[in-house]
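In what follows, a structure is listed as structure tokens, so that the remarks can point back to it.
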Amino acid sequence: MTGDELISAAKNTWCPGCGNFAIQHALKDVLISMENEGFPLENIVIVTGIGQHGKIFDFMNLNGFYSLHGRTIPVATGIRLANPDLKVICLTGDGDSYAEGLDHLIFGAKRNLDVTVLVHDNRVYGLTTGQYTPTSPYGYRGRSTPGGVKEYPFNPLELMLSSGASFIARGYTHKRDQLKRLIREALVHKGFSFIDILQICATYNDMSRYYDARIFDWDETEAGDYNTAYGKAREWDYNNDARIGLGVMYRHTAPLFEDNYPVPERLSSAQKLAWVRKIMDERA
Amino acid sequence: MAEREVSVLIGGKAGDGISSAGQIIAHLLAQTGYRVHMYFDYPSLIKGGHNFAIIRAAEEGIGAVREQVDFILALNQETVNLHRHRLRERGVVIYDASTVKLAEGIGIPVKNILAAEEAPPVMGNSAIIGGFVRAAGLNWDASSGVLKKSMPKGTEKNLRVARRAYEASEERQQVPGTGKPVLPVLTGNEAISVGLVEADLEIYLSYPMSPTSNILHFLAGYADELRIRVIQPESEIAVILTALGCSYAGSRAVIGTSGGGFCLMTEALSLAGIAELPILVILGQRTGPSTGLATYSAQSDLHFALHAGQGEFPRLIIAPGDAGEARYWSRTGLDLAWKYQIPAIILSDRLICEGLYSVEPETGIRYAAGPVMADPAIHPYLRYAPADYGISPLRFPPAKGEIVRVNSHVHDTDGITTEDPLVTKEMADKRMKKMDRLALEIEGINSINTGGVTDAVIALLCWGSSKGVCEELGKKKGLRVIQPVVLWPFAEKAFAHAMDGVEQFYAVETNESGQLATLVSRFGYRPSGKILKYDGRPFMVEELEAELKKVIS
Ligand SMILES: Cc1ncc(C[n+]2csc(CCOP(=O)(O)OP(=O)(O)O)c2C)c(N)n1
Ligand code: SF4
Ligand SMILES: [Mg+2]
């Protein structure tokens, strides 16, 4: 497949300048290179939430499950249980996974489910036209908070680290090459791989200049060390004006959820019948 | 005893193992050829509080218990105080003489027996049961066989305890064998589990909630042997969405819950509707609203099940009336969910889930064919392609050279989101075509049971667990009994046939409004009256009989 073929014919409805394009094309490039190396793309399934990010479902020629708001990870869990040969990518939003579906995100990390979660973190509800999210900065003036939001954001990287995610990274839609590398490494990683992607929302929350002035690349040599990772997670709390590190923050190997539930070979009808008879005999 | 039947009540405090003791008594009676039913009454407590079980055995199949009993087995004084009035004229109380001070009957020196055998207090039940075996004139050898089977741990010691109590007891009423073949005795939850296994269940998911938790426990216990996977996700929302992920990728998942959990599932139920993902929900009703009575029963979620989820989509709702039906219909429900790619609900209730029933042997033969699969040679594969009866053939990813898309939005044949008015209507029509076809199909598969005296002009209308008591009184009082099992789609023709010649009918339900009565009124049938009970407890035979006397001369 060529890159063009991976993009569907559906009409794209993102605003010009939207960071979602960068995520879409980075993903496309990574998948094409994987296919060139022999990975069959029919083994990829994308699971999307509801929001601007979710529209990527229609824009890609990939197997997909367009789920409910907040519910990408349980669907991904089911797909992985049914067929662990399928590589599942959850494309989700900050409202989607940090508000509506936060429990699933934490449990996905806790279980070390072998899926990749890309959070299109534009720090706003894009589709519902600009309300604050769990990562919006204090004082964010959205349509539901004209006086500025009076809550502090939480820090998704810190949360994921303490929840057990085995691959944690932060990307930025203005850094396409780095984003590609991060997505690729996330896809290669065995276990719960999570990338918080600082995504520009051109319409409701354009933080380009703010980010451009503060970003730097993390030194990834000690990505296996929990305490170092913890320090990195705490550098910027999504609210203060600290420097914003990008790259792989944490990576380690842990047992997979799926390994506890391997797909068994099914019983034959005769074996099933024998079991039913046994139960009936025991109860008679 | 009018006909050959016997009722036994056993009571004690929570933690005394009343449920297991009740099961053993049910098996003792089943062993002599009786058809049995057990009602277990317990508050939502682990320790303390009063628990009791009523076991009733009769020559014909039964699904109800009586207010009056022939034996009371009392592990504590409270049992005697609370239930003494139930005892029939020649009834007997068998009690633990070391804890019960005020009673007449057969006192078993449980403490002494346990001391003599150096047995732990939990074995007190075996003593009471041993006392009962003698009092009821049951054969010791046959009974000890049942005890052995029921008590895989500490078997010998339990038997010795039971034997000592047997010897300390005396025969009071001979409960004669019926000479009929012995039938297995199952809880509704076990019967549901068996039915699911027969229909190729692969993954069972549930967040614990009474009264369906025991399906989770039962299947988890056999998971390795059955080569199925049993999983407890973080919430009911996760349960159903995980199951839908399974269906998308081709695995048969079933989920179990009760009303509160089902509330959380409704958004995804509607997703199953639009995305055309097969899913079977075991919905065990308990007394509501809200947390209600966590361990008691009701039939008050019929309209909730009928309308759960936003928008309109096809669904199948089945309410089995006992364990045998629960097995058959769980199997059939799962197959039909896959055949039509729709959400299906087994609407059970606490009385069926946790009640014991004698189950007729049946073949386990499946009614419905497997899902309609697409021809892999056809390209491109379109998940929502127009098809006969609206049932688009399935493929599961990975499908070489094809894309499999399912979507919670209105979508086109390829699963891509659309807002086009024509496609919107076409897809709605396609989904409803499945419903029309299903409605036709269920007309032919015993969706409406007719029992009692089938040509009587006065009828009782019932569903789910109310079946047993209605069936029994229908026969006794010369009434027809009409029990719709498939509640949606509603088998109008079969119902009209069942109602043929009926001049009056009374709805018998354990809810406040008469939910089935409301449903049938949509089809032009108005009951002459409703007999409703909504205190969490089942209709006792005498109780319904008295109610019937008031309305039917
Ligand atoms: C249960 C539910 N509640 C609310 C909505 C409405 N809704 C759609 S998208 C969205 C927020 C999307 O925000 P985010 O996940 O950050 O996605 P973005 O649009 O920013 O990409 C909301 C609240 C919904 N679809 N479902
Ligand atoms: S509103 Fe923001 S997130 Fe949505 S398409 Fe426009 S720029 Fe992108
Ligand atoms: Mg957002």
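Since we're looking at a predicted model, the values are computed, not measured. Just the heavy atoms: all of them, side chains too, but no hydrogens, waters or symmetry mates, feed the values below. In what follows, every chain begins at residue 1, and chains take the letters A, B, ... in the order their sequences are listed.
No donor-acceptor pair under 3.5 Å is formed between the side chain of B:T242 and the backbone N or O of A:G78. Using modelled atom types, one side-chain atom of B:R229 and one backbone atom of A:L81 make a donor-acceptor pair closer than 3.5 Å.
Residue B:Y222 touches chain A through its side chain alone, counting heavy-atom pairs closer than 4.5 Å. Heavy atoms of B:D412 lying under 4.5 Å from chain A are absent altogether. Contact annotation for B:L226: both backbone and side-chain heavy atoms come within less than 4.5 Å of a heavy atom of chain A. With a threshold of 4.5 angstrom between heavy atoms, B:V239 does not approach chain A through any atom at all. At a 4.5 Å heavy-atom cutoff, the contact between B:A399 and chain A is made by backbone atoms alone. With a threshold of 4.5 angstrom between heavy atoms, B:T363 approaches chain A through N, CA, C or O but not through any side-chain atom. Both the backbone and the side chain of B:K400 come within contact range of chain A, each with at least one heavy atom under 4.5 Å from a heavy atom of that chain. Within the 4.5 angstrom heavy-atom criterion, no atom of B:R395 approaches chain A. Residue contact with chain A, scored on non-hydrogen atoms closer than 4.5 Å, involves the backbone and the side chain of B:A268 alike.
A:K272 has its side chain out of reach of B:E198: every pair of non-hydrogen atoms, C-beta onward, lies at least 4.5 Å apart. A:I279 places a side-chain heavy atom less than 4.5 Å from the side chain of B:F218.
Put simply, of A:V263, A:V47, A:I106, the one with the most heavy-atom pairs under 4.5 Å next to chain B is A:V263.
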Tell me which donor-acceptor pairs under 3.5 Å the side chains of residues 11-22 of chain A have, and how far apart each pair is, sequence neighbours excluded?
unit_1	atom_1	unit_2	atom_2	d
A:N12	OD1	A:W14	N	2.8
A:T13	OG1	A:K55	NZ	3.2
A:W14	NE1	A:Q52	O	2.9
A:N20	OD1	A:H120	ND1	2.7

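Salt-bridge check for B:E190 with A:R283: passed, with a basic side-chain N closer than 4.0 Å to an acidic carboxylate O.
Take B:I274 and apply the side chain to side chain contact (heavy atoms under 4.5 Å, CB included) test, not counting sequence neighbours, and it matches B:V410, B:H411, B:R431.
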